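All figures in this text were calculated on a predicted structure; none of them were measured in a lab. Below, read A as the first sequence line, B as the second, and so on, with proteins coming before strands; counting in each chain starts at 1.
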There are 2 protein chains.
Amino acid sequence: MNIKDIAEICGLSVATISRVINNDPRVADSTRKKVLSVIEKHNFMPNITGRSLRTQKSNKILVLLPTMDNQFYTSIIEGIQDKAEEKNYATLVAVTNLDQTKELKYLDMLKMNHVDGCISLFNTLDPEKINQLSSKFPFVQCCEKTIGADVSNVVIDNETAVFETTSEFIKNGHKTIAFISGDYYKYSERSREAGFRRAHQQADMFLDEKLIIKHFYKYTDGADAVKYLMHLEKMPTAIVCASDSLAIGAISELKKNDYKVGKDIFVIGFDNTSITEFYNPSISSIAQPRYELGQEAFNLLHQKLINIHSTNKKIILPYKIIHRESTGY
Amino acid sequence: MNIKDIAEICGLSVATISRVINNDPRVADSTRKKVLSVIEKHNFMPNITGRSLRTQKSNKILVLLPTMDNQFYTSIIEGIQDKAEEKNYATLVAVTNLDQTKELKYLDMLKMNHVDGCISLFNTLDPEKINQLSSKFPFVQCCEKTIGADVSNVVIDNETAVFETTSEFIKNGHKTIAFISGDYYKYSERSREAGFRRAHQQADMFLDEKLIIKHFYKYTDGADAVKYLMHLEKMPTAIVCASDSLAIGAISELKKNDYKVGKDIFVIGFDNTSITEFYNPSISSIAQPRYELGQEAFNLLHQKLINIHSTNKKIILPYKIIHRESTGY
DNA sequence: ATGAAAGCGCTAACAT
DNA sequence: ATGTTAGCGCTTTCAT
């Protein structure tokens with residue numbers, strides 16, 4: 001059942017049917033009614049592939065997601081999807097699992113016009129590739145940006161977030177503070193580490209490099225980091241974690257070793273995922289405005305969708321430090 | 001830059017270029033080499049929309065995901081994706097957020113041949129619609145199936161899993177056992193509840209209906225359930241939860257009220273997500289073979305991809321009850 | 001207001 | 001081994 005069949009049934013040309021489908025006003029009301037009833041009766045749906053081939057548009061966007069294994073992304077994607085829906089775009093998610101081959105394969109969908117645009121929540125492409133891609137195709141970055149690339153993006157000020165958090169700890173008398181992070185999402189990790197270092201510099205406080213531990217974001221990585229820290233000469237009294245999962249792993253291990261988290265030692269996570277309130281102790285965390293990040297990302301993309309040559313915008317949204325039991329509240 | 005341009009540059013017909021692209025052996029080696037070098041040089045990529053329109057195939061499959069807000073789905077999708085990749089299919093994920101309008105919109109992609117097949121991790125369509133859809137398009141269900149529909153699917157034996165778990169509790173002397181569940185994923189929830197009831201029947205144990213609490217799967221739902229249970233005349237000594245999130249919410253609330261979980265009261269979750277090992281106490285859980293569920297789902301889909309009229313298969317994979325501190329281990 | 005026809009980029013049947 | 005050509009389903013320009 002295609003547009004031609006409908007045309008035959010109606011005794012009209014395909015052009016007229018197409019006009020009806022696309023709400024073209026140049027169709028007689030009576031004709032429109034008849035066509036619509038036939039379409040209805042036969043459950044006809046225009047073939048989107050044919051349409052895409054002709055219009056060079058798909059009305060779909062692609063979200064490049066590094067991993068499903070993180071609650072953090074949930075509301076970002078909701079934000080994207082809600083805004084996209086407003087503009088009549090369907091949102092498709094591709095999970096890359098930090099595998100560049102997969103990234104490239106999915107980005108081909110963009111290059112081949114199978115989707116009209118792409119929002120990357122993380123990718124491993126180098127700046128030149130990113131610049132090249134985004135100059136030709138609507139492409140924006142959200143939360144993670146490529147350092148050195150000139151692309152529309154929306155992030156929070158990761159550096160200042162950790163600077164402020166660490167400075168707070170220092171002000172409250174902590175002399176030995178650890179920083180646990182992954183070693184993959186270059187932009188956010190480096191910014192956060194930089195904030196951690198700057199807080200020490202500004203306070204004229206010596207920073208032992210052993211206190212900076214970088215692996216990955218599994219619970220075990222947080223636990224392993226604590227095991228390592230416990231072997232140091234001076235056990236830290238505060239730990240800044242680059243994710244809530246690391247904080248959970250760390251706290252879990254600390255409790256096993258009878259540390260009183262929130263008393264003997266303070267721990268803060270990152271992203272303020274919902275588990276933080278239900279862990280024991282409840283976990284302090286640096287919150288990102290996830291839903292808004294998603295919304296803004298789509299807004300940026302939409303500008304590129306309308307005009308690929310529109311200027312690249314960089315948006316910074318506010319973060320929020322939320323204290324709970326794990327930092328003594 | 002399209003196939004025609006390449007043909008012109010090479011001084012060949014588009015047919016020959018197409019043959020090279022598709023590894024058709026009927027091309028002279030020298031010609032193939034020349035064409036490949038030109039393709040390489042110009043970074044040519046065949047337009048997949050044109051190809052799809054012609055072949056009526058997209059080499060893409062769609063995964064219908066009810067929510068991103070659940071670690072449970074992570075490895076299922078990995079399983080799907082890995083198997084799909086083997087067969088040269090790209091995997092796209094669509095998040096429906098339990099919204100039927102969205103489900104239908106994404107399923108249109110299937111009907112319009114924009115994807116070749118679909119694996120549903122949950123949907124709200126009624127049996128007739130599902131039967132109709134799956135008779136025409138490759139469509140299988142994974143983890144959640146539609147009761148009354150005849151579609152290929154792969155699940156675990158939810159009924160027996162909870163029956164066995166509950167029976168264990170009863171055997172160990174528990175007289176008052178609660179069951180906390182959501183009230184949305186009809187198939188799994190009803191099966192689990194049925195298993196809970198059957199365990200009572202088989203043990204000739206009275207079951208107070210107040211002990212069955214059904215809301216949703218947020219942490220708060222687990223906490224709320226416990227608040228309610230604490231008001232009952234007889235506080236249960238064991239709680240079977242239909243998800244790990246409910247177990248976490250429940251345990252969190254129990255601890256707030258000074259219950260010793262794993263001693264005063266036993267709690268078991270469902271799905272064995274990774275947090276269970278890092279919560280305090282560690283949480284017992286009923287494990288589903290998530291990665292294998294995903295793999296089998298794709299296998300089932302692939303049979304339909306090859307032959308839409310192949311018989312519908314129903315696969316049941318084994319579950320595993322894993323005891324940790326929350327049930328006294 | 002409606003129709004005819006071209007063409008989006010590709011593949012495949014048929015021809016040479 | 002290579003080319004010619006039709007056509008996948010649709011939109012849109014140009015005619016009527």
Whether A:Tyr106 side chain and A:Val95 backbone form a donor-acceptor pair below 3.5 Å: no
Pair listing, salt bridge (charged side-chain N to carboxylate O under 4.0 Å, His left out) test, anchored in residues 66-79 of chain A, at least two apart: A:Asp69-A:Lys218
Chain A footprint on DNA chain C, 5' to 3' - any atom under 4.0 Å from a heavy atom: C:dA1 to C:dG9
All N/O donor-acceptor pairs, side-chain side in residues 289-304 of chain A, below 3.5 Å, sequence neighbours left out:
{"from": "A:Arg290", "atom 1": "NH2", "to": "A:Asn272", "atom 2": "O", "distance (Å)": "3.1"}
{"from": "A:Tyr291", "atom 1": "OH", "to": "A:Asp82", "atom 2": "OD2", "distance (Å)": "2.5"}
{"from": "A:Gln303", "atom 1": "OE1", "to": "A:Lys313", "atom 2": "NZ", "distance (Å)": "2.9"}
{"from": "A:Lys304", "atom 1": "NZ", "to": "A:Ile308", "atom 2": "O", "distance (Å)": "3.4"}
{"from": "A:Lys304", "atom 1": "NZ", "to": "A:Ser310", "atom 2": "O", "distance (Å)": "2.6"}
{"from": "A:Lys304", "atom 1": "NZ", "to": "A:Asn312", "atom 2": "OD1", "distance (Å)": "2.7"}

Criterion side chain to side chain contact (heavy atoms under 4.5 Å, CB included) on B:Asp271 and B:Gln288, from CA distance to verdict: CA-CA 6 Å; B:Asp271 294 343; B:Gln288 304 198 41; 3.1 Å; yes
Short side-chain donor-acceptor distance under 3.5 Å, B:Ser152 and B:Gln141: no
Distance-only polar pair, side chains of B:Lys60 and B:His114, donor-acceptor under 3.5 Å: no
Side chain proximity check, A:Leu107 to A:Leu64, heavy atoms < 4.5 angstrom: yes
Interface with DNA chain D, restricted to residues 15-25 of chain A and to heavy atoms under 4.0 Å: A:Ala15, A:Ser18, A:Arg19, A:Asn22
Pairs flagged by salt bridge (charged side-chain N to carboxylate O under 4.0 Å, His left out) wherever residues 125-136 of chain A is involved - sequence neighbours left out: none
Strand contacts (DNA chain C) in residues 31-40 of chain A, 4.0 angstrom heavy-atom criterion: A:Thr31
Identified ring-ring contact (aromatic ring centres under 6.0 Å, His included) partner of B:Tyr217 from the options B:Phe122, B:Phe72, B:Tyr185: B:Tyr185
Net bend of the helix from C:dA1-D:dT16 to C:dT16-D:dA1, end axes of five pairs each, nearest 10 degrees: 40°
B:Arg51 backbone acceptor or donor facing B:Thr55 side chain under 3.5 Å: yes
side-chain hydrogen bond (donor to acceptor under 3.5 Å, both in side chains) contacts touching residues 95-104 of chain B (sequence neighbours left out): B:Asp99-B:Thr101, B:Gln100-B:Thr124, B:Glu103-B:Thr124
Expected rows: protein N/O vs nucleotides 7-9 of chain D N/O, under 3.5 Å:
{"from": "D:dG7", "atom 1": "N2", "to": "B:Arg54", "atom 2": "NH1", "distance (Å)": "3.3"}
{"from": "D:dC8", "atom 1": "O3'", "to": "B:Gln56", "atom 2": "NE2", "distance (Å)": "3.3"}
{"from": "D:dC8", "atom 1": "O2", "to": "B:Arg54", "atom 2": "N", "distance (Å)": "3.3"}
{"from": "D:dG9", "atom 1": "OP2", "to": "A:Asn2", "atom 2": "ND2", "distance (Å)": "3.3"}
{"from": "D:dG9", "atom 1": "N2", "to": "A:Gly50", "atom 2": "O", "distance (Å)": "3.0"}

Contacts of B:Asp150 that satisfy salt bridge (charged side-chain N to carboxylate O under 4.0 Å, His left out) - sequence neighbours left out: B:Lys314
Between B:Ser120 and B:Asn123: side-chain donor-acceptor atoms closer than 3.5 Å: yes
All pairs passing salt bridge (charged side-chain N to carboxylate O under 4.0 Å, His left out) where residues 20-47 of chain A contributes a residue, at least two apart: A:Asp24-A:Arg26
Side chain to side chain donor-acceptor pair (under 3.5 Å) involving B:Ser58 - partner list, sequence neighbours excluded: B:Asp116
